[in-house]
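So the structure is just underneath, and the comments pick up after that.
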Amino acid sequence: MSAVIAAASAMAPSSSAAADKFLWGAASAAYQVEGSSTADGKGPSVWDDYLDRLHLAGPGVSGAVAIDFYNRDQYLRDIAIFKELGLTSYRFSISWPRIIPDGLGPVNPAAVAHYRQFIKDLKDAGITPMLTLYHWDMPSSLAAAGGWENRDSVKWFQRYADAVFANFHDQVDLFVLINEPSVERATKTLAENIRDHGKGDFKILPDADHMAVSLKTYNHILLAAAAAKKSFDAHGYKGQLGLAVPLFPTITEDGAGDADKKSAVLADGVLNRWFLDAMYKGSYPQDVLDMVSARGLDTGVEPDDAKTIGQAHFDYLGINFYSPMYVRNGANPTDRFAAEQYLPKTVYSAFNGAVRPDQFKALLGRMKSEYGNPPVYITENGAGFAGEDVMKDGKVDDIQRCRYLVIHIAAMKSAMTDGADVRGYHVWSSHDNLEWLSGYASRFGMIYVDWDTQKRTPKLSADLYARIIRGDDVTENDCVARN
Ligand code: GAL
């Protein structure tokens, strides 16, 4: 384990008013937890197609049951656990194909009633709902019409968002419009490679051939979020709206050459500045635009698009942080986008990449120094490590996840001490759940789920998180196996 990790500890929150209002939560997404995939008139989503119909995550892996979270008896038991842990916020997503089963047609009152009840149940337990409108489960009909690659997706989403706001604005103050555009794109590309060629690599950093389409979808997603925000404001609703953007500090290994460093800067442009500059500066990064025009790529970006996105004035920035990304110059030195993501073999890492809380702190500092210190919610942070989520003597001691959370919370608090305006933190995830293309094999939860019985068992990480929420001065050395 590296020195950066060993040195970190989670200080107790200060007693200021801001600290009292700080939201301590956990996150999940509809397709990954709900199950009940045809209940109450739900339409099919692209993920039902990938997993339930095409079995891209392997035979028998589907979202038909997941962790049974659509079932009120079950989710009430889960809310009781959240309450016991002391969570003050819960980030969940609602399913577009439940609310509008065919994507564009009439709103489904049964789905609205379900989520209104769920939100009421959360609030009755004293937990603030953070409602994500879109966490990747696009209605199949719209995916078939090109999904985010089609500029009409801006209108499709705005209509859906209007339906959500009309039905939930009186219950919810915190809305996450769209989750992780770049990771959605990578996951979808991988799914389709598996479907069409039997295999593929997971690459969040698109290679040059896929670059134009990726940038095009990101532009449409940002425009869709901007249109939804404009409409929300025009209705005079009260609430905070933002997107959950996955941010990846792009870093090089010690001893990297100039070409590697240049590639890392361009990768930062594609993965981070493309979103942040549009939202906070009303422009797309010039180095990415230059690369795109030098290659003759068509991203479909129209002259005023970035300005429109900047004028949306999102209320907060949602940051999903798991890991930085190591970047090096790819094999072809004449390619102006020769950036390649990789994971050095010697680096301590979780399922989602290198464990680097120092990079989390630096990222939050960057939001202050380069983007005017917007209010930030950490909408996801978490980890899974192969082999440690094992039930033994009735308990699960997930020591590495526990340490990961403690040291990342410490890094966040240290950035806050330096002035970063962070308002809340959500662990990915409350429970073990359906992890997209790795199915039920990769566990990320603080609460263990027995897939056969649906029995829940809070893990060691949940105990430590509860202590942090209570204000105990916890360090990673407290993450030890329990007797
Ligand atoms: C995020 C995604 C989540 C979850 C998590 C763990 O990228 O938003 O849905 O899958 O990664 O891998």
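We count ligands from 1, going down the list as the structure has it; atoms in each ligand are counted the same way. Because the structure is a prediction, the values reported are computed rather than measured.
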**Message:** Working note: H431 + F69, criterion side chain to side chain contact (heavy atoms under 4.5 Å, CB included); need CA distance, chi angles, decisive distance, verdict.
**Reply:** CA-CA 10 Å; H431 302 76; F69 203 69; 4.2 Å; yes
Present, as a list of atom pairs with distances to 0.1 Å, all nitrogen or oxygen contacts under 3.5 Å between ligand 1 and the protein.
{"from": "ligand 1", "atom 1": "7 (O)", "to": "E180", "atom 2": "OE1", "distance (Å)": "2.4"}
{"from": "ligand 1", "atom 1": "7 (O)", "to": "E180", "atom 2": "OE2", "distance (Å)": "3.2"}
{"from": "ligand 1", "atom 1": "8 (O)", "to": "H135", "atom 2": "NE2", "distance (Å)": "3.3"}
{"from": "ligand 1", "atom 1": "8 (O)", "to": "N179", "atom 2": "ND2", "distance (Å)": "3.1"}
{"from": "ligand 1", "atom 1": "8 (O)", "to": "E180", "atom 2": "OE1", "distance (Å)": "3.1"}
{"from": "ligand 1", "atom 1": "8 (O)", "to": "E380", "atom 2": "OE1", "distance (Å)": "3.1"}
{"from": "ligand 1", "atom 1": "8 (O)", "to": "E380", "atom 2": "OE2", "distance (Å)": "3.1"}
{"from": "ligand 1", "atom 1": "9 (O)", "to": "Q32", "atom 2": "OE1", "distance (Å)": "2.7"}
{"from": "ligand 1", "atom 1": "9 (O)", "to": "H135", "atom 2": "NE2", "distance (Å)": "2.8"}
{"from": "ligand 1", "atom 1": "9 (O)", "to": "W436", "atom 2": "NE1", "distance (Å)": "3.0"}
{"from": "ligand 1", "atom 1": "10 (O)", "to": "Q32", "atom 2": "NE2", "distance (Å)": "3.3"}
{"from": "ligand 1", "atom 1": "10 (O)", "to": "E435", "atom 2": "OE1", "distance (Å)": "2.8"}
{"from": "ligand 1", "atom 1": "10 (O)", "to": "E435", "atom 2": "OE2", "distance (Å)": "3.2"}
{"from": "ligand 1", "atom 1": "10 (O)", "to": "W436", "atom 2": "NE1", "distance (Å)": "2.9"}
{"from": "ligand 1", "atom 1": "12 (O)", "to": "N352", "atom 2": "ND2", "distance (Å)": "3.2"}
{"from": "ligand 1", "atom 1": "12 (O)", "to": "E435", "atom 2": "OE1", "distance (Å)": "3.4"}
{"from": "ligand 1", "atom 1": "12 (O)", "to": "E435", "atom 2": "OE2", "distance (Å)": "2.7"}

**Prompt:** Is any side-chain heavy atom of L51 closer than 4.5 Å to a side-chain heavy atom of L434?
**Reply:** yes
**Asked** Is there a side-chain contact between F165 and L241, using heavy atoms and a 4.5 Å cut-off?
**Response** yes
**Item:** Short N-O contact, D152 and K155, less than 4.0 angstrom
**Value:** yes
**Message:** Please determine whether a side-chain nitrogen of the Lys or Arg among D49 and R195 lies less than 4.0 Å from a carboxylate oxygen of the Asp or Glu.
**Reply:** no
**Item:** Beyond-backbone contact of R185 with E149, side-chain heavy atoms, under 4.5 angstrom
**Value:** yes
